[in-house]
Amino acid sequence: MVEHDSLNAACRKQALSLGIDACGFAPIDVELRGDYYRKWIAEGKHGTMRWMENRIDTRLHPDKAWPEAKTIVALGLNYYQQEPERRGRISKYALGKDYHKVFYKKLKQLCTWMREQGGDQRPYVDTGPILEKPLAEAAGLGWQGKSTIIINKKFGPYLFLGTIITTLEFDRDPAIKDHCGRCTKCIDVCPTRAITAPYQLDARRCIAYLTIEHDGPIPIEFRRAIGDRLFGCDACLDICPWVHWAQQTAEAKFTHPGLPDLREMLAWDDDAFHAAFAGTPVRRLKLPRWKRNICVVLGNIGTDEDIPALRQAASSQDPLLAEHAAWAIQEIELRKGVSIA
């Protein structure tokens, strides 16, 4: 065991040895903007993500869920990388293997070390009633920018967040000052105006929500704004001035070997889809929504060469696919100036 006065430093050193890029500490009874979260939920800005309505009191007061716990340990894992050249963009966080599994394994290893120091731990990576971003801010990993994303001075906005609740007592790290200043680039660049005001996000308008969480038809009003985004959106992250300091991720599992062209993927069956995306975040989308997204992208960037594949999709028995394919054909023909009356 290490001495108490060096416990923070020892934990950071251990985290770094596991490939974790940022580590901070906050007391279990930290204050977490409860009024904002309750109002956000009450206004329905979380869309169909109903799990966010559950156990709100526990989310806002983690000390109530585990009275013996003393500290929140917030961890960050850098995932920045250059986008591959291809038709159709996938958000950087989903280019490679599922970060939940990759990061959780590292947290479990850190928990083993913490147990050797006499603690009991509970690790979380987007699991359980945990508000990762406010906790990360409270633990000094960064500040929640105007996009609501955590911004770290060293890695910019490209950090996966993990949390360990522990019975060990660490010294609290100071919060980092908000460095957004007068900048509004993330607000101005948002294609669907999902960032409705500084530090205010309406998930129902967000391309990440529409292409990933939303399981029905994508509203017509947002389809053109989606552009070539197949899965998620990095617009507000890429424009952030703090990206200037972003570094290529050291985690090889976050890179992706590549994908076939959109036309080919539009003809995939379930086996082909699952084989291509096994162990990645995209797999949970499932094939119907993946094809829905392909149709929207082709509607925005497609050419004559894509129309035969889209006509085939438009004849599908799946009404979700058929409607989006028909819309895509119409959009391509409109760009050509072809009358569709």
Side-chain angles (χ1 to χ4, degrees), residues 19 47-49 51 77-106 125-127 158-162 203 206-218 223 226-235 237-238 248-302 306 309-310 312-313 316-318 320-325 328:
T48 57
M49 297 181 286
W51 65 87
L77 187 59
N78 173 35
Y79 67 93
Y80 178 79
Q81 61 182 292
Q82 293 293 328
E83 292 184 26
E85 291 290 334
R86 62 183 176 216
R87 289 207 305 170
R89 282 184 284 174
I90 295 176
S91 183
K92 293 179 183 63
Y93 91 86
L95 288 172
K97 295 299 181 182
D98 191 337
Y99 72 94
H100 296 89
K101 296 178 181 178
V102 175
F103 202 0
Y104 189 74
K105 182 178 180 180
K106 295 179 186 293
V125 180
D126 286 346
T127 54
Y158 289 100
L159 276 184
F160 291 131
L161 299 177
C206 179
I207 291 174
Y209 170 81
L210 292 167
T211 58
I212 301 172
E213 303 294 343
H214 179 63
D215 62 0
I218 293 178
R223 292 186 188 180
I226 286 173
D228 65 343
R229 299 173 181 89
L230 280 171
F231 186 95
C233 178
D234 289 336
L237 289 81
D238 287 338
Q248 175 75 18
T249 180
E251 179 53 72
K253 292 180 180 178
F254 290 157
T255 59
H256 195 279
L259 290 171
D261 187 70
L262 299 176
R263 290 195 297 274
E264 181 177 337
M265 291 190 289
L266 199 55
W268 274 357
D269 58 16
D270 279 317
D271 289 342
F273 174 79
H274 289 299
F277 292 115
T280 77
V282 176
R283 185 176 182 179
R284 76 181 186 90
L285 197 65
K286 299 184 180 178
L287 184 61
R289 279 188 284 171
W290 180 245
K291 288 188 176 183
R292 173 201 66 183
N293 293 353
I294 289 174
C295 289
V296 172
V297 169
L298 287 177
N300 292 321
I301 67 170
D306 299 306
L310 285 167
Q312 183 66 32
S316 170
Q317 296 299 308
D318 180 351
L320 182 72
L321 175 58
E323 187 275 320
H324 283 77

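The residues of the chain are indexed from 1 along the displayed sequence. Reckoned from all heavy atoms, side chains included, excluding hydrogens, waters and symmetry mates.
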Go through the structure and list residues passing ring-ring contact (aromatic ring centres under 6.0 Å, His included) with Y80, not counting sequence neighbours. Y158
Identify the two heavy atoms, one from [X] and one from [Y], that lie closest to each other, and give their separation to 0.1 Å.
| X | Y | value |
| --- | --- | --- |
| G258 | R86 | CA-NH1, 3.9 Å |
| G162 | V125 | CA-CG2, 4.4 Å |
| A252 | T255 | O-OG1, 2.9 Å |
| W268 | P260 | CZ2-CG, 3.7 Å |
| A322 | S316 | CB-O, 3.8 Å |
| D318 | P288 | OD2-CB, 3.8 Å |

Is there a side-chain contact between [X] and [Y] in this structure, where contact means two heavy atoms from C-beta onward sitting under 4.5 Å apart?
| X | Y | value |
| --- | --- | --- |
| L298 | R87 | yes |
| L310 | L266 | yes |
| I212 | R284 | yes |
| C233 | T211 | no |
| L159 | L77 | no |
| C295 | L321 | yes |
| L230 | L262 | yes |

So, taking the atom named [atom1] in [X] and the one named [atom2] in [Y], what distance separates them when rounded to the nearest 0.5 Å?
| X | Y | atom1 | atom2 | value |
| --- | --- | --- | --- | --- |
| L285 | D215 | CG | CG | 10.0 Å |
| R89 | D228 | CZ | CG | 4.0 Å |
| T249 | Q82 | OG1 | CD | 12.5 Å |
| Y93 | Y99 | OH | OH | 6.5 Å |

Side chain of N300, backbone of R223: donor and acceptor closer than 3.5 Å? yes
Can you check whether K92's main-chain N or O pairs, donor with acceptor, with D234's side chain at less than 3.5 Å?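 Looks like yes, one N/O pair under 3.5 Å.
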Passes side chain to side chain contact (heavy atoms under 4.5 Å, CB included), I226 versus I218? Steps please. CA-CA 10 Å; I226 286 173; I218 293 178; 3.7 Å; yes
Taking atom CD as the centre, does Q312 end up with more than 12 heavy-atom neighbours from other residues, nucleotides or ligands that are less than 6.0 angstrom away? no
Which atom pairs, donor and acceptor, lie under 3.5 Å between side-chain atoms of residues 275-283 and protein residues at least two apart or in another chain?
{"from": "T280", "atom 1": "OG1", "to": "F277", "atom 2": "O", "distance (Å)": "2.8"}
{"from": "T280", "atom 1": "OG1", "to": "V282", "atom 2": "N", "distance (Å)": "3.3"}
{"from": "R283", "atom 1": "NE", "to": "H274", "atom 2": "ND1", "distance (Å)": "3.0"}

Can you tell me which residue among Y79, F160, F103 is in a ring-ring contact (aromatic ring centres under 6.0 Å, His included) with F254?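 The single option meeting the ring-ring contact (aromatic ring centres under 6.0 Å, His included) with F254 is F160.
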According to side-chain hydrogen bond (donor to acceptor under 3.5 Å, both in side chains), does anything in residues 288-299 pair up with another residue at least two apart or in another chain? List the pairs.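 Every candidate side-chain hydrogen bond (donor to acceptor under 3.5 Å, both in side chains) pair involving residues 288-299 fails, so no pair, neighbours aside, qualifies.
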